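Presented below is the structure to which this report refers.
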Protein chains: 2
Amino acid sequence: MTRPPGRPQGRAGHEGRRTAILRAALEVFAERGYQGATIAIVAERVGLSQQGVLHYFPNKQDLLANVLALRDQNDLDVLLATAQGSATTLDFLADLVERNAERPGIVQSFTVLAAESVTQDHPARDYFIDRYAQTRRMLTTMLERELGGDPPRGVSHQDAATLLIAVLDGLQQQWLLSPDEVDMPALLRTFLRLIHPEADANPQ
Amino acid sequence: MTRPPGRPQGRAGHEGRRTAILRAALEVFAERGYQGATIAIVAERVGLSQQGVLHYFPNKQDLLANVLALRDQNDLDVLLATAQGSATTLDFLADLVERNAERPGIVQSFTVLAAESVTQDHPARDYFIDRYAQTRRMLTTMLERELGGDPPRGVSHQDAATLLIAVLDGLQQQWLLSPDEVDMPALLRTFLRLIHPEADANPQ
DNA sequence: GTCTATAAAAAGATAGAC
DNA sequence: GTCTATCTTTTTATAGAC
């Protein structure tokens with residue numbers, strides 16, 4: 001029962017708790033948005049009182065900020081794992097959406113928080129502005145490297161990147177409301193064929 | 001001061017007030033979302049007390065329902081007015097986005113409420129499910145009539161419609177956060193060229 | 001039709017015991 | 001580290017005066 005020197009049990013327990021709280025918070029934000037979420041509901045999910053949660057995160061905004069940071073961390077992991085098995089950038093995107101179609105909670109948290117962030121004084125506004133700008137830059141670079149000098153169908157790489165993100169977001173919105181009517185992965189592949197017909201992303 | 005029989009002054013005033021309240025409510029929902037909006041803020045905008053508003057709409061949900069109904073009414077007006085001057089369906093869409101780029105408030109109300117509607121028990125959930133389904137059907141029909149039997153670039157008319165709506169929504173999200181970086185009308189035209197290269201929507 | 005007063009509930013946050 | 005108790009504010013909604 002004595003704590004090993006290099007990694008004190010208290011710390012590990014502390015960090016574990018924090019992560020558990022953040023995971024629960026992401027879930028609750030997905031279900032109810034940031035405004036609709038309450039600290040008490042998050043607390044209940046992890047078996048704590050409201051004040052138990054406030055011990056780890058001083059207030060609701062701080063909780064959201066840390067949820068978004070964790071999301072970035074997870075996204076990076078998923079991105080790298082997915083990129084491993086994908087031959088091309090377009091394949092990678094198709095795989096990513098395939099994966100997302102199995103994680104409605106994650107998708108919903110993103111969709112709801114991103115849209116909410118455009119409202120007045122929303123605490124995640126700057127986060128999403130930066131995140132979209134960064135994603136546009138990253139995808140632009142990936143498309144440039146992949147598709148070489150000539151833009152696909154006369155569409156600049158940057159415009160293709162912006163449109164790609166728009167399609168991803170927009171399909172998620174429709175899919176969340178009508179999962180049976182909107183085949184998100186198939187529709188993304190259709191769009192990918194539009195911007196680059198030759199290198200078809202192989203379905204499954 | 002006696003009321004004319006056919007159209008009592010009280011009625012007219014009553015309806016005018018209602019409309020003024022609904023317009024203010026749409027504004028507030030755009031700025032803060034449904035959850036973040038309060039009846040008191042809406043009341044302030046129209047120079048009434050909170051209870052003044054509740055005299056016209058019994059509760060917050062009813063207010064939202066009527067805002068959405070008004071939106072449908074306005075949309076129909078704008079749609080018809082825009083369709084007048086547009087030669088083709090794709091032209092019409094380009095014009096519509098051009099118009100929307102001048103009305104950030106309207107766009108924001110739609111984006112925020114639509115995303116919020118995917119959350120648990122949201123009062124506008126069914127409205128948006130129906131609305132998206134209806135819009136998909138309408139656009140599909142328009143594309144079929146317009147582009148004839150052969151689907152554009154091998155993409156079915158229905159898939160093209162779904163993707164079109166996705167692009168519209170997704171571009172709005174990015175444009176609302178970074179209006180200077182995202183040229184929404186130009187990007188929509190680029191997408192329209194992708195699905196139908198021959199009939200280019202003329203810029204401006 | 002509009003207001004004041006007020007009830008009733010919800011939610012964020014602090015203080016302090018254990 | 002976690003809880004109970006409590007404060008404070010906000011917000012929806014009702015009751016009733018004018």
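Protein chains get the first letters and strands the later ones, always in sequence-line order, with residue 1 at the start of each. Side chains included, hydrogens not; waters and symmetry mates left out as well; all remaining heavy atoms used. Treat the numbers as computed from the prediction; the structure is a model and nothing was measured.
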Exercise. Just checking L54(B): base, sugar-phosphate only, or nothing, at a heavy-atom cut-off of under 4.0 Å?
Worked result: base

Problem set entry | Gap between atoms CD and C1', on E15(B) and dG1(C) respectively (whole Å) | 14 Å

Exercise. For the pair made of CG in L48(B) and P in dT4(C), what is the distance, rounded to whole Å?
Worked result: 11 Å

Problem set entry | Atom-pair distance (CZ on R32(A); P on dA10(C)), nearest Å | 11 Å

For this session: May I ask you to verify whether the side chain of Q51(A) and the base of dT14(C) hold a donor-acceptor pair under 3.5 Å?
Result: yes

For this session: Decide whether Y56(B) and N66(B) meet the rule of one side-chain donor and one side-chain acceptor closer than 3.5 Å.
Result: no

Exercise. What does A43(A) touch in the nucleic acid at a heavy-atom separation under 4.0 angstrom: a base, only the sugar-phosphate, or nothing?
Worked result: nothing

Problem set entry | Nearest-neighbour nucleotide for the H55(B) side chain, dT2(D), dA11(C), dT2(C) considered | dT2(C)

Exercise. Near E44(A) CD, under 6.0 Å, is it more than 12 heavy atoms from other residues, nucleotides or ligands?
Worked result: no

Exercise. Any idea which heavy atoms bring R153(A) and I195(A) closest together, and the distance?
Worked result: CG-O, 4.5 Å

Exercise. Does a salt bridge link D75(B) with R71(B), judged by any charged N lying under 4.0 Å from a carboxylate O?
Worked result: yes

Exercise. Rounded to the Å, how far apart are L63(A) CG and dA11(C) C1'?
Worked result: 14 Å

For this session: For dT2(D), take OP1 and OP2 only and decide whether either is under 4.0 Å from a side-chain N or O of S49(A).
Result: no

Problem set entry | Non-hydrogen side-chain atoms of Y34(A) and P123(A) separated by less than 4.5 Å | yes

For this session: Please state how far atom CD in Q50(B) lies from atom P in dT4(C), giving the value in whole angstrom units.
Result: 12 Å

Exercise. Tell me: CD of Q35(B) to C1' of dT10(D), nearest whole Å?
Worked result: 14 Å

Seminar exercise, completed: R17(A) has its side chain closest, among dG1(D), dT2(D), dG1(C), to dT2(D)

Exercise. NZ of K60(B) versus P of dT10(D): gap in Å, rounded?
Worked result: 15 Å

For this session: Take atom CD1 of I39(A) and atom P of dT10(D), then tell me their distance rounded to the nearest Å.
Result: 16 Å

